[in-house]
Chemist: 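One structure is given below, represented as C-alpha cells, and several questions about it will come after.
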Amino acid sequence: MDKTTLPRVYAGQKHRIPFFVKLLALSSLASLTCFGYWFSYILEWNHGSQVPLHAAQIQARCRALNTKPGPPSDFYDRTVSDRFVEGTKHVWIRNATIWTGRVQGLEVVRGDVFVMNGIIKVVGHVDLQSMGLNDRDEVEIFDAHGAYVTPGIVDLHSHMGVEPSPSLEGAQDGNSFHGPIVSWLRSIDGLNTHDAAYELAAAGGVTTSLILPGSANAIGGEAYVIKLRQTKERSPTSLLVEPPFGLNTSDINYNIPPRWRHLKHACGENPARVYSGTRMDTIWADREAYNEARKVKETQDAYCEKALAGRWEGLGEFPEELKWEQLVEVLRGRVKVQTHCYEATDFDGFIRLSQEFKFPVAAFHHAHEAYLVPDLLKKTYGTSIHRQVPAVAMFASFSRYKREAFRHSQFAPKVLNDVGIPVIMKSDHPGIVSRWLLHEAQQAHYYSLPEAAALSSVISTPAQTLGLDHRIGFIKTGYDADIVLWDSHPLALGATPQQVFIDGIAQFIHPLTASKSVSGLKAPKTPDFEKEAKAAVEYDGLPPLRPKESTPQTILFTNLTNTWVRKGNKVHSIFNDLTSATDRAERGVVGVKAGNIICVTAKGCERFKSLVDRTVDLEGGAIQPGLVTYGSDLGLEEIAMEKSTIDGPVFDSLTHTIPKILGEEAVIRAVDGLQYQTRNSLLAYRAGVTSGIVAPTNEGGFLSGLSVKFSTSALHKLEPGAVIKDVVALHVSIGKGAQVSTSTQIALLRRLLDGKVKGEVGYWFNQVKKGKVRLVVNVESADIMATLLRLKAEIEHKIFTETNLHKELKLTFSGATEAHFLARELRHAKVGVLVHPRPYPYTWESRRIIPGPPLTPRDFVSYLISQGIEVGIMPQGTGEASVDAWAAQNLRFDAGWIHKISKGRVSKIQAFEIASTNVDSLLGLDLEDDDEEIDPGALVATKGGDLLGFEGKVVAVLQKELGVIHLFE
Ligand SMILES: *[C@@H]1O[C@H](CO)[C@@H](O)[C@H](O)[C@H]1NC(C)=O
Ligand SMILES: *[C@@H]1O[C@H](CO)[C@@H](O)[C@H](O)[C@H]1NC(C)=O
Ligand SMILES: *[C@@H]1O[C@H](CO)[C@@H](O)[C@H](O)[C@H]1NC(C)=O
C-alpha cells in the first residue's frame with residue numbers, strides 16, 4: 001500500500017490514533033471493507049466526533065475523485081504484459097516494412113520487430129546478444145520479405161459477442177428494451193464467447209474491439225474493450241483490455257489513475273422509435289438522467305470536502321447510487337462517451353447536453369451528416385479547453401438505408417480530415433462485418449482520404465479515442481504486441497493478413513505463405529475527386545449525380561491499357577494487356593461515335609481522324625463492360641427503411657392475406673414497381689454498374705415474383721432502354737425460420753412444378769417446367785439445396801415419363817453460402833449460383849462457410865469456379881437484400897477483390913464475367929445464339945486504371961443502344 005493512504009490528515013485534527021487502528025488502516029482494503037462499517041459506528045473519539053475506521057480509505061477515494069484516467073506513471077517499466085501467456089515464445093519479424101502509426105501516421109521503418117513477454121521490445125534493428133538472448137533461447141522467426149507490418153486493427157464500434165453469429169434467438173443481448181435510460185447495463189454481461197466473429201475478425205487483422213450495447217436506448221449502457229484472442233480461461237472477463245478497476249469487485253487502488261470507461265449513447269431515430277417517442281423525448285430522458293447523476297455528484301463533492309477536512313460529524317457513508325454511478329463518472333470526465341448520432345439536429349441536441357452537464361464526448365458514431373457540420377462538432381463541451389474535438393466514426397459507403405443516413409457522402413472522411421476532425425472507420429459489426437473493416441478504410445482512401453489518415457482511421461485514431469494509445473494502435477517499444485503481417489500494402493484492394501499476432505501470440509496455424517516477391521509496397525494511386533467532394537458539401541449532401549453530358553459526338557479515347565467487351569455470354573479482350581508505353585501509344589486507342597466503337601488502335605482510327613470531336617486521355621485506363629447488379633432492392637427503393645420511398649414487400653400467399661381482388665394466383669412483377677433516378681442507382685451508374693436485375697421484395701415469404709432488368713441511368717420507365725427486359729426470371733425463397741416448415745415449402749414448390757396449379761401462378765411455373773423461364777431460388781443451406789437438386793431430378797424424370805422429352809429445368813441458387821458442399825452435384829445438375837463474394841455465417845443455414853485466406857487456402861468464389869460451377873456475384877452489403885442497394889456501387893471492387901484474393905486464379909476477364917455476363921445468364925438472360933461481335937450492353941470508360949481496382953475512375957459510359965456517350969467530367 002502506498003503511503004498516501006496513511007491517515008495523515010488525522011494529524012491536523014490532533015486525534016490520537018490507537019496503534020491497532022493504524023494497523024488496521026494499513027491492512028488490506030478487503031478487510032477494511034469487511035470491518036469498516038462496524039468499526040466506524042462503534043468507535044467514538046474525543047470531542048464526540050465520529051471518525052470512521054476506514055476514514056483513510058474514504059479520504060483516498062475523495063482525493064482520487066476527479067483523477068483523470070490514464071496509465072500509471074510507471075506503465076512503461078513493465079517487462080511482461082498483463083495479458084502475456086506463460087510459455088509463449090519470443091517473436092522476431094524480420095525484414096518488414098513497418099507502418100508504426102507514429103508521426104501522424106507518416107512513419108514507415110524498414111527493419112525488424114522483436115516481441116518478448118507480449119510486449120514489443122525492439123523496432124528496427126534486432127541484436128539478440130544485446131538483449132541478453134542467445135541462439136538457445138526459443139525465438140519464433142517470421143521472414144516478412146519486405147512485406148508490410150502494421151499494428152492490429154482497432155474496431156471502435158462492434159456488437160460482437162452481444163449479437164453473436166450465427167444469429168440465434170437465444171443470444172440477442174445487444175439491446176435492452178427496458179426504457180430509454182439503462183446506463184447501468186454493461187455489454188460484458190451479455191458477451192457470448194462462441195461468436196464466430198472473433199476468429200473471423202482476427203483473420204482480417206482486427207485485434208481489438210469496443211463492444212457497445214445497441215442503439216435502442218438514449219443511454220444503452222457501458223461498453224468494454226476486448227482483444228480478439230481466445231484465452232485459456234474462455235471467459236468474457238479474460239478478453240478485456242484494461243477493464244475498469246473494481247469491475248470484479250477487486251483491485252480498487254485509489255493511488256493510481258483509474259482506467260477509461262465507455263458509455264453508449266444514441267440520438268435520433270433509434271431510441272425515439274423504440275420508445276414511441278420523439279427526439280425531444282430522447283433528449284429529455286438524457287437530461288433527466290444526468291440531472292439525477294449531477295445531484296449524486298454534488299452530494300459526493302460536498303461529502304468529500306468535509307471528509308478531506310476531517311469534519312466527520314454526521315457524515316456517514318460515502319454517498320453512492322449504483323444506478324447513477326456510470327453517469328456520475330461521465331460528469332467527472334472519466335468516461336469516453338460514445339454516441340450514435342447521425343444528423344445535424346441530433347449533434348446539436350447532444351452538444352447542448354454536453355454543454356449543459358459539462359462532459360466531453362469521445363466520438364460521434366455513424367455520424368452521416370458530420371461532414372456537413374464540422375463547426376458544430378467543435379462546440380462540444382471541452383473541445384476548446386482540451387482541444388479534443390470528438391472523433392467521427394463512420395462507414396465508407398454504407399448509407400441511405402434510413403433517412404438519417406440519406407445525405408452521407410463517401411467523401412465525408414476526406415472532408416472531415418481536411419478540417420482537422422479525427423476520422424475513424426468502424427464496422428458496427430455485424431452491420432459491416434468486422435473482418436472487412438480495413439476495406440472501409442481502403443474505400444475512404446479511394447475517395448481521397450490521405451494514406452496516413454486512412455491507415456490511422458482503423459488503427460491509431462481509434463486507439464487514441466479509446467484512451468488506450470499508451471499500449472495499442474502503434475508499433476513502438478513497450479506496446480502490446482498486436483501486429484499484422486500483410487501480403488500487400490494494407491490499402492491495396494484485397495490486402496490480407498499473412499499472420500496476426502495478439503499479445504505476441506500468432507493466431508493462425510497455417511498462415512498465408514509469405515510470398516517471396518512482395519508486390520505493391522505503395523498505396524494505390526487513387527483518382528482526383530476534389531470537385532465531387534466539394535459538390536457534396538455545397539449541395540448539402542445531395543449533389544447532382546446525373547452525367548454532365550450526353551452526346552452523340554465522335555470521341556477518341558487514348559492511352560488505354562485494356563479494352564474488354566461482351567460477346568454473347570463472355571467477355572473478351574480486344575487487345576491484350578498493353579504494358580509497354582510504345583504499345584500503348586500505338587494500340588491503346590478506341591474511337592467511339594454515337595456510343596458505338598468505330599475503331600481500335602491508333603492505326604485503325606487514322607481514317608476517322610477528321611471526324612473526331614474531342615479526345616479523352618484515359619491515362620492508362622480501360623474500356624470495359626458495364627456491370628450488372630442483382631441481389632438488392634436497387635430499382636425498387638430510395639430509402640430502404642422509409643416505407644413511403646420504396647415499392648414495399650409483396651403479398652405472399654403463405655405469410656400474408658392477399659387482397660381478395662388479386663386472387664391467390666397473382667404473380668407480382670418487379671417491372672411494375674420500378675423507381676428511377678434513385679441516388680443508389682445513380683451512384684451505381686457512376687461506378688460502372690449500368691444495369692440491374694431486381695425481383696419483387698419478399699421479406700421472409702415464399703413467392704417473390706418476376707424480376708426485371710432495368711437501366712440504372714434512365715430518367716423514367718418510358719425512356720428508350722429504361723426497361724431492358726420486362727420479365728427475367730421467377731423467384732422464390734426457401735429457408736428456415738419462415739412461417740411454415742422448410743419441408744412444407746418444398747411440398748409447395750413440388751406442387752407448383754407439377755403443373756397442378758391454375759391461374760397466373762400455374763402459368764409461370766409451367767413456363768419454368770418447359771424450360772422457358774429460369775427459376776431462381778434464394779437458399780443458403782446445403783441440405784435445402786440438396787433437396788432442391790433432388791426435386792429438380794424428380795420433376796425432370798416426371799416430364800420424361802410423361803412426354804418422352806428430356807427437359808432441363810433451368811434452376812439457379814442465389815445466396816448459396818454453403819454451395820461448396822455440393823460442388824460436384826451442382827456442376828452435374830448444371831445449377832449455377834449467385835453468391836456474396838465474402839461469405840459470413842449470419843445464420844445457422846449459412847454457417848458453414850469457406851472463409852478464405854488466411855483461414856483457408858482458397859476463397860469461396862474461386863473455389864466454386866475451380867469446380868466448374870457457373871458463378872455470379874451479388875454486391876457485398878449487410879446480407880439483407882432489402883437494405884443493400886447502397887452496395888451496388890461497390891460491385892466493381894467486389895469483382896476486383898475476387899481477382900486479387902484468388903491470386904489471379906480468377907482472371908480479370910472472369911472477374912468481369914462474374915459481375916456481368918454470368919449474372920445475366922444465371923438469371924436466364926442467356927444469349928446463346930448471339931454471335932454479334934460486340935454485345936448491345938453499355939461499355940464503361942475509366943481513367944487511371946480499370947473498374948477492378950482503386951486506381952480507376954469512371955469518366956464515361958458508351959450507350960450504343962441510345963446512340964450517345966454519357967460523360968461525367
Ligand atoms: C528483404 O526482402 C526483400 C524482398 O524480398 C529483399 O529484396 C531484401 O534482400 C531483404 N533484405 C534483407 C536484409 O533480408
Ligand atoms: C479481477 O480482475 C483482475 C484484473 O483486472 C484480475 O487480476 C483478478 O484476478 C480478477 N478477479 C476475479 C475474482 O476474477
Ligand atoms: C498516358 O498515361 C500516363 C499515365 O498512365 C501519363 O503519364 C501520360 O502522360 C499519358 N499520356 C500520354 C500521351 O502518354
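Whatever order the structure lists them in is the order used to number ligands and atoms, beginning at 1. Model, not experiment: these values are computed from the prediction.
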Chemist: Any salt bridge between Arg838 and Asp894, counting N to O under 4.0 Å?
Modeler: yes
Chemist: With a 4.0 Å cut-off, would you call Glu140 and Arg94 a salt bridge?
Modeler: no
Chemist: Considering only heavy atoms, which of Asn559, Thr558, Thr561 lies nearest to atom 3 (C) of ligand 3?
Modeler: Asn559
Chemist: Which part of Asp617 is near ligand 3, with near meaning a heavy atom under 4.0 Å away: side chain, backbone, both or neither?
Modeler: side chain
Chemist: List every atom of ligand 1 that sits less than 4.0 Å from any heavy atom of Gly146, numbering the atoms from 1 in the order shown and giving each element.
Modeler: 2 (O)
Chemist: Do the charged groups of Glu913 and Lys908 touch, with an N to O distance under 4.0 Å?
Modeler: no
Chemist: I want to know whether Tyr685 and His966 have ring centres closer than 6.0 Å.
Modeler: yes
Chemist: Could you tell me whether His145 and ligand 1 have an N or O pair separated by under 3.5 Å?
Modeler: yes
Chemist: Strictly below 4.0 Å, N to O, side chains only: are Lys953 and Asp946 in salt-bridge contact?
Modeler: no
Chemist: Nearest heavy atom to atom 10 (C) of ligand 1: which of Leu521, Asn95, Asp143 does it belong to?
Modeler: Asn95
